[in-house]
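Chain A is the first sequence line, chain B the second, and so forth, proteins listed ahead of strands; every chain is numbered from 1.
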Amino acid sequence: MILESSILGQLEYDEEKIITFPQGIIAFEQYKRYLLVENQDQHNPLWWLQSVDEPDLLFTVINPFVIKPDYNFELAPGDVEDLGIEKREDLVVLSIVVVPEDFKKMTANLLAPVVINARLKKGKQIILQDKNYSPKHLIIEELQQRSSGQQARPSKTPSSRQGTQTGPSKEECCHVGADPKKR
Amino acid sequence: MLVLTRKKDESIMLGEEIEIVVLEISANQVRLGVKAPRDCAVYRKEIFTLIREENIKAARQHGQVDALQAEIKQLFTPEGPSK
């Protein structure tokens, strides 16, 4: 299939790659189908969520663990259920990025991550109850600090990267990111 | 909009499952308790509004994708200004 994105140009994709957001993205509830577009440049951590149904609708996204390695939150049982998440490996977490004219001021929304079940190709934007995370988190400096030699690509299993290698139990799959119990 | 008057400790029901209780009233503040099913998300409206606004901004502002690619690349390469 071919999609003509207003911003990214022509995108070729398989039907099975389409990620469905049953509730849409907040403020864009009517658009339910997106493609996660990888960056051609492996070292560039910015990816995109392109609406399949609206060529003009595109979100720049980033793996929040690249900018904040200790990023973590609890997925509400309702969200786990909505997304049909059975194990942590199913999860892809993304933050939506605003890229202003002065790109050095670009910000990531850490308060309302996009959570995707990669297995079922189902996604949802959730709002965290955690007040410590900003919806306008400045990211360039952090990217610069972490750029040296680090993998910048969004990780499919951000939580397992944090070193928690034990098999996830049912409850554990609700926790995303570094385990707060591990010090 | 439906307007109801409630006293402290009184509540209203939204449907059969969601209850909002008035816990405390002071001069310019009310403390509310919300009893809702686990799958029902409860937020302060200003948070929700803020997320909406950020999403709308994000959908409009991706930078010049090509230029941004180059800029970011520069930041990430050792010869770049980030050295």
Side-chain angles (χ1 to χ4, degrees), chain A residues 5 7-9 25-28 31 39-46 48-49 51 54 56-61 76-82 95-104 106-109 111-112 125-129 131 134-136 140-141 143-150 152, chain B residues 1 11 13-24 28-83:
Chain A
S5 160
I7 293 126
L8 298 177
I25 300 263
I26 298 168
F28 298 91
Y31 302 107
N39 202 310
Q40 300 292 330
D41 178 355
Q42 283 206 8
H43 299 288
N44 191 325
L46 298 177
W48 297 276
L49 262 187
S51 162
E54 173 50 69
D56 288 343
L57 184 57
L58 178 80
F59 296 97
T60 307
V61 293
D79 297 328
V80 174
E81 205 172 299
D82 273 1
S95 292
I96 295 180
V97 179
V98 176
V99 190
E101 206 127 306
D102 177 3
F103 80 100
K104 289 196 165 132
M106 69 181 177
T107 57
N109 186 342
L111 189 63
Q125 184 177 27
I126 59 171
I127 302 179
L128 304 182
Q129 299 291 346
K131 287 184 196 140
S134 165
K136 304 176 188 206
I140 280 290
E141 280 126 64
L143 282 180
Q144 279 174 310
Q145 276 169 25
R146 296 184 209 294
S147 67
S148 41
Q150 272 219 6
Chain B
M1 195 196 311
S11 48
M13 297 294 296
L14 304 180
E16 283 160 25
E17 289 192 289
I18 302 173
E19 182 179 1
I20 299 171
V21 195
V22 179
L23 296 174
E24 211 180 289
N28 56 2
Q29 205 165 252
V30 194
R31 265 172 82 83
L32 301 172
V34 182
K35 291 181 204 163
R38 294 205 302 182
D39 59 351
C40 178
V42 180
Y43 315 107
R44 290 174 176 81
K45 185 172 177 186
E46 59 269 29
I47 298 285
F48 196 75
T49 308
L50 186 62
I51 302 299
R52 280 185 69 88
E53 286 168 1
E54 281 307 298
N55 280 353
I56 290 167
K57 260 199 274 172
R60 287 192 188 133
Q61 302 183 29
H62 327 90
Q64 289 293 319
V65 171
D66 292 340
L68 185 67
Q69 283 284 86
E71 300 267 24
I72 298 270
K73 203 182 172 88
Q74 215 183 8
L75 279 177
F76 275 80
T77 42
E79 311 87 70
S82 64
K83 194 177 180 179

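- For A:L49, no part sits under 4.5 Å from any heavy atom of chain B, backbone or side chain.
- Contacts between B:A59 and chain A at a heavy-atom distance below 4.5 Å involve backbone atoms as well as side-chain atoms.
- With a 4.5 angstrom heavy-atom cutoff, A:L58 touches chain B via backbone and side-chain atoms both.
- In terms of heavy atoms, A:V61 sits closest to A:W48 at CG2-N, 3.8 Å.
- If you measure heavy-atom distances from A:I127 to chain B, the contacts under 4.5 Å come from both the backbone and the side chain.
- Heavy-atom distances place no part of B:R60 under 4.5 Å from chain A, backbone and side chain included.
- In this view, B:E24 and B:R31 satisfy the salt bridge (charged side-chain N to carboxylate O under 4.0 Å, His left out) rule, not counting sequence neighbours.
- Within the 4.5 Å cutoff, side-chain heavy atoms of A:I25 are placed close to those of A:I96.
- Contact record, B:I56 with A:A27: CG1-CB, 3.8 Å, taken as the closest heavy-atom pair.
- Proximity to chain B (any heavy atom under 4.5 Å) is restricted, for A:Q129, to the side chain, taken from C-beta onward.
- With a 4.5 angstrom heavy-atom cutoff, B:L50 touches chain A only via side-chain atoms.
- For B:E19, the salt bridge (charged side-chain N to carboxylate O under 4.0 Å, His left out) criterion is met by B:K35, not counting sequence neighbours.
- Proximity to chain B is limited to the side chain of A:T107, based on heavy atoms less than 4.5 angstrom apart.
- Side-chain contact between A:P135 and B:I51 is present, with at least one heavy-atom pair separated by less than 4.5 Å.
- For A:P100, the parts lying under 4.5 angstrom from a heavy atom of chain B are both the backbone and the side chain.
- Nearest heavy atoms, A:L46 versus A:M106: CD1-CE, 4.1 Å.
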